[in-house]
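Presented below is the structure to which this report refers.
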2 protein chains.
Amino acid sequence: MKKYIPILKRTKLFAGVTDEEIGVMLSCLDARLHTYKKGEYVLRQGEHLNCITVLVDGELHIQRDDYWGNRAIINRIAVGEMFGEAYIAPESGALLNDVVAVEDSAVIFFDVRRIITVCSSACRFHSMVVQNLFFAISEKNRTLVQKLGHISKRTTREKLISYLSEEAKRQNQSSFTIPFNRQQLADFLSVDRSAMSNELCKMRNEGLIEFEKNQFRLL
Amino acid sequence: MKKYIPILKRTKLFAGVTDEEIGVMLSCLDARLHTYKKGEYVLRQGEHLNCITVLVDGELHIQRDDYWGNRAIINRIAVGEMFGEAYIAPESGALLNDVVAVEDSAVIFFDVRRIITVCSSACRFHSMVVQNLFFAISEKNRTLVQKLGHISKRTTREKLISYLSEEAKRQNQSSFTIPFNRQQLADFLSVDRSAMSNELCKMRNEGLIEFEKNQFRLL
DNA sequence: ACAAGTCGGTTGTATTTACAACGGAAAAGA
DNA sequence: TCTTTTCCGTTGTAAATACAACCGACTTGT
């Protein structure tokens, strides 16, 4: 697990904490490492979780399939990001979504209560992590609201424009790569893949965008 | 401001804190009270916020109007709930939404940094509030995901069923009142009001639901 | 009591979408 | 290399939606 310390160091959760301090916290927070093959479920809807988790390798989707097989990709977790932070509270209840490995992945689980219960020794790095956790959850909150902004648009085209322009802004360039293939993007924006594909091509024909595979450019 | 202590006491943020302790914190956290008339803006998109706020009277909508005048109601804030928690981090940037008073309302603003920076005296109630804040933000996170679940449904009917059945479950009875009028519900679910109205009546004709004004019953 | 405004249901039409099915190109696997 | 699978664009059709317009019931304010 120690080999992931350099990665943990770059996460929002452990920002400003030194390697040695992280090493100490790994045992202090009862960290456990699990690995998953592409396609495996990390967590399933209905399970209970009392850990904060950090993805240290691979990629995860937080998603939900409904009764009719429609998939909604709620969120995407990249290396260094965390998930499970919505279930910190003891009375949080069961998970509402599945968490699936889209690539071979490695996840570290941390005991929640040991994080948010400030230890008696009140170590410097612990209170740092507490504050980091605040910021991280808070930021995820904003991310969710932004996503709401995308899918609350009425038409497929508007959803695409909303998503693509935010992505361009986030990556700070008009040409950028998105982390989804077509089906995944459709699931993320909650639209039909073929309809979306169609709309994308229309937009290209109208000279609004260019794209090839996952590479997009706004014009 | 002291007259709102009984209300604050029942909020998630101050759960488990006594009246006197809240009284102390009001000054300790630099609390400020503002009141708003129905229709007034509490905060506007683009502004900066470095406070956690609690609604102590009235009702707020967190919403966003796009260029074409389409309104999306992101969330509803009831008495005792808080907002602004997504902007705790110093680098959060500007507000992405408007916050509007739907009724005459009163809001208390608390300085964020004084909350999350544990004071040197490490008072009992302060660490309590820190933990409460964790749980509250975390819960809001879940609320947002639930809302995503509603509007990620493809048809108006599915959105309605998703929303109404969650509301029934939340209020723990098949007959319940919703906090929106038709237009607001449409804005909340991101659909057209008349189309939604139409769909509601179809569902009634099919014997799925009953309703009158804001009172609904699932059958 | 009257006028103005709000609210919710209804209808028709043009637009948009989902869905199913297909095919070619590229990638993955044997 | 050959086969299989994945990915993505295309098309046609049926279904669902947005939009505008209208009406009656009810509320609010004067």
Side-chain angles (χ1 to χ4, degrees), chain A residues 37-39 61 65-73 102-104 150-164 177-206 208-216, chain B residues 37-39 61 65-73 102-104 150-164 177-206 208-216:
Chain A
K37 290 286 176 198
K38 175 176 178 173
H61 279 178
D65 299 317
D66 72 11
Y67 184 80
W68 297 273
N70 292 313
R71 169 162 300 170
I73 297 179
V102 205
E103 304 293 341
D104 290 358
H150 299 145
I151 71 174
S152 70
K153 296 278 187 265
R154 306 299 169 87
T155 67
T156 300
R157 173 173 297 214
E158 282 179 309
K159 290 178 189 175
L160 283 167
I161 290 175
S162 178
Y163 170 72
L164 292 174
T177 304
I178 66 169
F180 297 121
N181 64 30
R182 294 291 184 281
Q183 182 64 61
Q184 292 169 338
L185 179 58
D187 290 340
F188 185 76
L189 296 178
S190 287
V191 295
D192 180 73
R193 181 195 60 80
S194 65
M196 185 192 77
S197 196
N198 198 309
E199 196 64 33
L200 277 172
C201 291
K202 277 192 207 164
M203 289 166 71
R204 175 165 57 187
N205 293 339
E206 293 174 25
L208 288 172
I209 58 174
E210 286 175 358
F211 60 88
E212 192 189 329
K213 299 252 182 189
N214 297 351
Q215 181 78 23
F216 285 76
Chain B
K37 291 284 176 198
K38 174 175 178 173
H61 279 179
D65 299 316
D66 71 13
Y67 184 79
W68 297 270
N70 292 312
R71 171 162 297 171
I73 298 179
V102 202
E103 306 293 340
D104 290 359
H150 299 146
I151 71 174
S152 69
K153 296 276 186 262
R154 307 298 171 85
T155 66
T156 301
R157 172 173 297 212
E158 282 179 308
K159 289 177 190 176
L160 284 167
I161 290 176
S162 178
Y163 170 72
L164 292 175
T177 304
I178 65 169
F180 297 121
N181 65 28
R182 293 292 184 279
Q183 183 63 60
Q184 291 169 338
L185 180 57
D187 290 340
F188 185 76
L189 296 178
S190 287
V191 294
D192 180 73
R193 182 194 60 80
S194 65
M196 186 192 75
S197 196
N198 196 307
E199 196 64 35
L200 278 172
C201 293
K202 278 191 206 165
M203 288 165 70
R204 175 164 58 187
N205 293 340
E206 294 175 24
L208 288 172
I209 58 175
E210 286 175 357
F211 61 86
E212 193 189 329
K213 298 247 183 194
N214 297 350
Q215 181 80 23
F216 285 77

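Each chain gets a letter, A, B and so on, in the order the sequences are listed, and its residues count up from 1.
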**Prompt:** Quick one: side-chain contact (heavy atoms from CB on, under 4.5 Å) partners of B:Val102, sequence neighbours excluded?
**Reply:** B:Glu59, B:His61, B:Gln184

**Request:** To the nearest 0.5 Å, tell me how far B:Ile161 CD1 sits from B:Thr155 OG1.
**Result:** 7.5 Å

**Message:** If I take atom CD in residue A:Gln183 and atom C1' in nucleotide C:dA26, what distance separates them, rounded to the nearest angstrom?
**Reply:** 18 Å

**Approximate separation, where rounding is to 0.5 Å, of B:Tyr163 OH and B:Leu185 CG** = 6.0 Å

**Request:** Mind calculating the distance between CG (B:Asn214) and C1' (D:dC26) to the nearest angstrom?
**Result:** 14 Å

**Asked** What's the CD-P distance between A:Glu158 and D:dT17, to the nearest Å?
**Response** 16 Å

**Request:** Write down the distance between CZ (A:Arg71) and P (C:dA18), rounded to a whole number of angstrom.
**Result:** 17 Å

**Item:** Bend angle of the helix from C:dA1-D:dT30 to C:dA30-D:dT1, end axes from five pairs each (to 10°)
**Value:** 60°

**Asked** For the pair made of CD in A:Gln184 and C1' in D:dC7, what is the distance, rounded to whole Å?
**Response** 11 Å

**Asked** Can you list the residues that meet the ring pair (Phe, Tyr, Trp, His ring centres under 6.0 Å) rule with A:Phe216, with sequence neighbours excluded?
**Response** A:Phe211

Interface polar pairs with nucleotides 18-20 of chain D, N/O, under 3.5 angstrom:
{"unit_1": "D:dA18", "atom_1": "OP2", "unit_2": "B:Asp192", "atom_2": "N", "d": "3.1"}
{"unit_1": "D:dC19", "atom_1": "N4", "unit_2": "B:Ser194", "atom_2": "OG", "d": "3.4"}
{"unit_1": "D:dA20", "atom_1": "N6", "unit_2": "B:Ser194", "atom_2": "OG", "d": "3.3"}

**Request:** Take the protein atom NZ of B:Lys213 and the nucleotide atom C1' of D:dT27, then report the distance between them rounded to whole Å.
**Result:** 8 Å

**Request:** May I have the distance from B:Phe180 (atom CZ) to C:dC7 (atom C1'), rounded to whole angstrom?
**Result:** 17 Å

**Message:** Does D:dG9 have its OP1 or OP2 closer than 4.0 Å to a side-chain nitrogen or oxygen of A:Arg182?
**Reply:** yes

**Message:** Please report the distance, rounded to the nearest Å, between CG in A:Asn181 and P in C:dA27.
**Reply:** 14 Å

**Prompt:** From C:dA27, D:dT17, C:dT17, pick the nucleotide closest to the side chain of A:Glu199?
**Reply:** C:dT17

**Request:** Determine the contact category for A:Ser197: base if any of its heavy atoms lies under 4.0 Å from a base atom, sugar-phosphate if only primed atoms, P, OP1 or OP2 are that close, otherwise nothing.
**Result:** base

Could you tabulate the donor-acceptor pairs under 3.5 Å formed by side-chain atoms of residues 189-196 of chain B, not counting sequence neighbours?
{"unit_1": "B:Ser190", "atom_1": "OG", "unit_2": "A:Ser152", "atom_2": "O", "d": "3.3"}
{"unit_1": "B:Asp192", "atom_1": "OD2", "unit_2": "B:Ser194", "atom_2": "N", "d": "3.2"}
{"unit_1": "B:Asp192", "atom_1": "OD2", "unit_2": "B:Ser194", "atom_2": "OG", "d": "2.6"}
{"unit_1": "B:Asp192", "atom_1": "OD2", "unit_2": "B:Ala195", "atom_2": "N", "d": "3.1"}

**Fill in**
Residue set satisfying salt bridge (charged side-chain N to carboxylate O under 4.0 Å, His left out) with A:Asp65, at least two apart, ordered chain then number -> A:Arg71

**Request:** When you get a sec, tell me which of D:dC8, D:dA16, D:dT11 is the closest nucleotide to the side chain of A:Asn198?
**Result:** D:dT11

**Request:** Salt-bridge test for A:Glu206 and A:Arg157: reply yes if a basic N is under 4.0 Å from a carboxylate O, no otherwise.
**Result:** yes

**Request:** Verify, without hydrogens or angle tests, whether B:Asp104 (side chain) and B:Lys37 (backbone) share a donor-acceptor contact under 3.5 angstrom.
**Result:** no

**Backbone N/O of A:Lys213 and side chain of A:Arg182: donor-acceptor pair under 3.5 Å** = yes

